[in-house]
Amino acid sequence: MQGDFNLSLEASGSVMSLTDFDPEVGQTDELCPDSQFEGIVGRSTAMLDIFTRLQRIAPYYRGVLISGETGTGKDLAARALHRLSPASGGRYVVLNCSAVVETLFESELFGHEKGAFTDATRDKAGLFEYADQGTLFLDEIGDMPLASQAKLLRVLQDREVQRVGSLQTRKVDVRVVAATNHDLRDLIAQNRFREDLYYRLSMVEIQMPRLADRVEDLPLLQRYFARRFADVFGKNISGLSRAAHARLSSHSWPGNVRELENVIGHAAMMTRDGLIDVPDLPEYLQNEPEGVRTNTEACETLHDQERMIVIRALAAAGGNQSRAARALQIGRDALRYKVRKYRLRVSRSENAFVVSA
Ligand SMILES: Nc1ncnc2c1ncn2[C@@H]1O[C@H](COP(=O)(O)OP(=O)(O)OP(=O)(O)O)[C@@H](O)[C@H]1O
Ligand SMILES: [Mg+2]
């Protein structure tokens with residue numbers, strides 16, 4: 001185990017000696033049971049710290065903010081909090097705030113009375129009532145409209161909800177976990193997020209570390225996903241070649257663990273002999289390691305660079321174009337245009353995605 005730890009640190013440094021690597025990464029070690037906490041894999045100091053925090057917070061929290069880049073495991077952390085909390089016997093209800101039409105937000109969260117608005121043909125409980133005695137996970141909280149933020153704050157303070165169109169208040173006992181991959185302080189500065197709600201939520205904040213900041217977890221995660229995809233595909237996968245491991249170690253992982261999961265899923269599908277090698281990796285990872293590419297990069301055309309950026313964003317987002325567009329801070333139509341322009345084909349299968357030219 002300790003050997004892997006040193007191995008990956010060397011791989012991420014500027015001096016990279018391939019001869020220092022084990023011939024095959026992933027064949028020997030068994031996943032040590034305490035490298036997983038509630039389905040979250042990691043044994044870096046940063047992840048052990050997260051595990052400790054989740055365990056300490058879980059019995060007591062009413063509201064928690066989980067922040068971190070895309071693919072860092074915020075969903076997993078939210079589920080872990082629920083499972084470890086006294087509300088684990090109750091429902092775990094998820095609302096993705098970026099997927100709700102602005103006008104329906106309040107009815108969705110707090111419910112409505114019959115006749116409160118045109119389509120309100122009957123009384124309806126909102127998610128807070130539905131999650132009573134359980135947990136409500138508000139994903140992408142940064143996308144919640146300001147008016148709903150004010151009402152959410154009131155529920156967190158008073159622990160009661162009022163259905164749209166009703167004067168009656170109802171007591172609810174709900175733990176709220178909010179997640180964001182934005183810096184909410186930036187949104188506050190742009191008047192898109194309420195400062196008082198931020199302080200209320202961030203009283204307990206868990207910041208999921210980037211994969212690039214815990215590279216010592218890479219070998220462990222590679223093995224974990226290689227095994228998982230071996231099971232899923234019913235294939236015998238022995239591990240990664242040292243060249244493939246070196247290539248992965250020098251990548252910057254903008255899509256964090258989700259990107260790694262997709263890369264291993266892709267490679268597990270492609271490998272013929274069960275040993276994942278460089279040609280089995282997605283195209284954008286088959287080129288030279290990022291660290292040694294700096295000289296040639298200056299020669300690349302804008303066209304090539306943009307194409308590679310689009311491919312990386314799609315890969316990081318697991319082929320999900322909306323997510324990739326958000327990461328690139330462009331609209332979905334603009335991304336679709338670029339996908340056509342660079343003749344990329346993005347196909348998603350159940351457990352992996354493929355992006356190819
Ligand atoms: N530490 C980890 N161990 C095992 N799997 C992980 C870990 N972190 C993330 N994953 C896997 O990576 C994928 C993305 O994780 P998750 O959905 O929790 O990320 P997220 O932070 O919520 O991303 P987003 O901001 O895009 O919603 C999932 O399939 C999850 O199971
Ligand atoms: Mg998520």
Side-chain angles (χ1 to χ4, degrees), residues 1-9 11-12 21-52 54-55 68-80 83 208-271 274-278 280-282 285 315-316 318 349-353:
M1 290 274 175
Q2 192 60 36
D4 281 346
F5 190 86
N6 294 331
L7 180 112
S8 65
L9 283 178
S12 70
F21 289 107
D22 283 339
E24 274 113 25
V25 182
Q27 280 190 316
T28 48
D29 289 349
E30 277 308 306
L31 187 63
C32 142
D34 52 3
S35 298
Q36 260 200 58
F37 176 82
E38 295 290 317
I40 312 175
V41 176
R43 61 166 178 237
S44 54
T45 317
M47 286 312 284
L48 294 181
D49 185 48
I50 294 282
F51 299 162
T52 309
L54 290 171
Q55 206 156 27
E69 285 182 6
T70 185
T72 47
K74 297 187 292 298
D75 283 47
L76 290 183
R79 274 174 210 279
R83 273 198 300 267
M208 300 302 289
R210 297 158 64 228
L211 183 53
D213 292 336
R214 54 183 188 101
V215 284
E216 60 267 44
D217 282 339
L218 257 182
L220 184 72
L221 284 161
Q222 284 167 11
R223 275 201 302 278
Y224 170 74
F225 288 125
R227 265 189 220 148
R228 235 187 54 195
F229 285 107
D231 278 352
V232 171
F233 299 148
K235 249 174 138 171
N236 190 5
I237 295 175
S238 53
L240 277 79
S241 72
R242 60 183 177 179
H245 175 71
R247 200 55 56 87
L248 298 189
S249 298
S250 64
H251 182 56
S252 59
W253 301 108
N256 295 292
V257 186
R258 179 183 290 107
E259 182 182 3
L260 178 66
E261 182 179 13
N262 287 317
V263 166
I264 301 292
H266 175 106
M269 217 187 291
M270 302 308 261
T271 178
L275 182 68
I276 292 173
D277 203 356
V278 175
D280 302 320
L281 300 176
L285 283 171
S349 73
E350 199 181 334
N351 291 297
F353 80 100

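Note that the structure is a prediction, hence the values are computed from the model and not measured.
When the salt bridge (Lys or Arg N to Asp or Glu O under 4.0 Å) test is applied to Arg214, the partners found at least two apart in sequence or on another chain are Asp217. Residues passing the side-chain contact (heavy atoms from CB on, under 4.5 Å) test with Ala268, sequence neighbours excluded: Phe229, Phe233, Ile237. In terms of the side-chain contact (heavy atoms from CB on, under 4.5 Å) criterion, residue partners of Leu76 (sequence neighbours excluded) are, by chain and number, Ile40. Taking Asp49 as the reference, nothing meets the salt bridge (Lys or Arg N to Asp or Glu O under 4.0 Å) condition, with sequence neighbours excluded. Under the side-chain contact (heavy atoms from CB on, under 4.5 Å) criterion, Glu38 pairs with Ala80, Arg83, Leu84, not counting sequence neighbours. Among residues two or more places apart in sequence or in another chain, the side-chain contact (heavy atoms from CB on, under 4.5 Å) test is passed with Ala212 by Arg210.
Rounded to the nearest 0.5 angstrom, Thr271 OG1 and Leu240 CG are separated by 9.0 Å. One distance of note links CE of Met270 with CG of Leu281; it measures 10.0 Å at 0.5 Å rounding. Atom CG of Leu211 is separated from atom OG1 of Thr72 by 10.0 Å, given to the nearest 0.5 angstrom. Rounded to the nearest 0.5 Å, atoms OH (Tyr224) and CD1 (Ile264) are 13.0 Å apart. In this structure, NE2 in His251 is found 9.0 Å from CG in Leu260, a value given to the nearest 0.5 Å. Ser241 contributes atom OG, which lies 9.0 Å from atom CZ of Arg247 (distance to the nearest 0.5 angstrom).
With contacts defined as side-chain heavy-atom distances shorter than 4.5 Å, the pair Met47/Arg43 does not qualify. Inter-residue side-chain proximity for Ser249 and Val215 is flagged as unmet; no heavy-atom pair is nearer than 4.5 Å.
Panel note: side chain Asp280, backbone Asp277; a donor-acceptor pair is recorded below 3.5 Å. Side-chain atoms of Lys235 come within 3.5 Å of backbone N or O of Met269 as a donor-acceptor pair. The backbone N or O of Leu248 lies less than 3.5 Å from a partner atom in the side chain of Trp253, making a donor-acceptor pair.
The only option from Val41, Leu218, Leu221 that meets the side chain to side chain contact (heavy atoms under 4.5 Å, CB included) definition with Val257 turns out to be Leu221.
Across all non-hydrogen atoms, the minimal contact from Pro254 to Thr70 is O-CG2, 4.2 Å. Scanning all heavy atoms of the two residues, the minimum distance from Leu54 to Ala77 falls at CD2-O, 4.0 Å.
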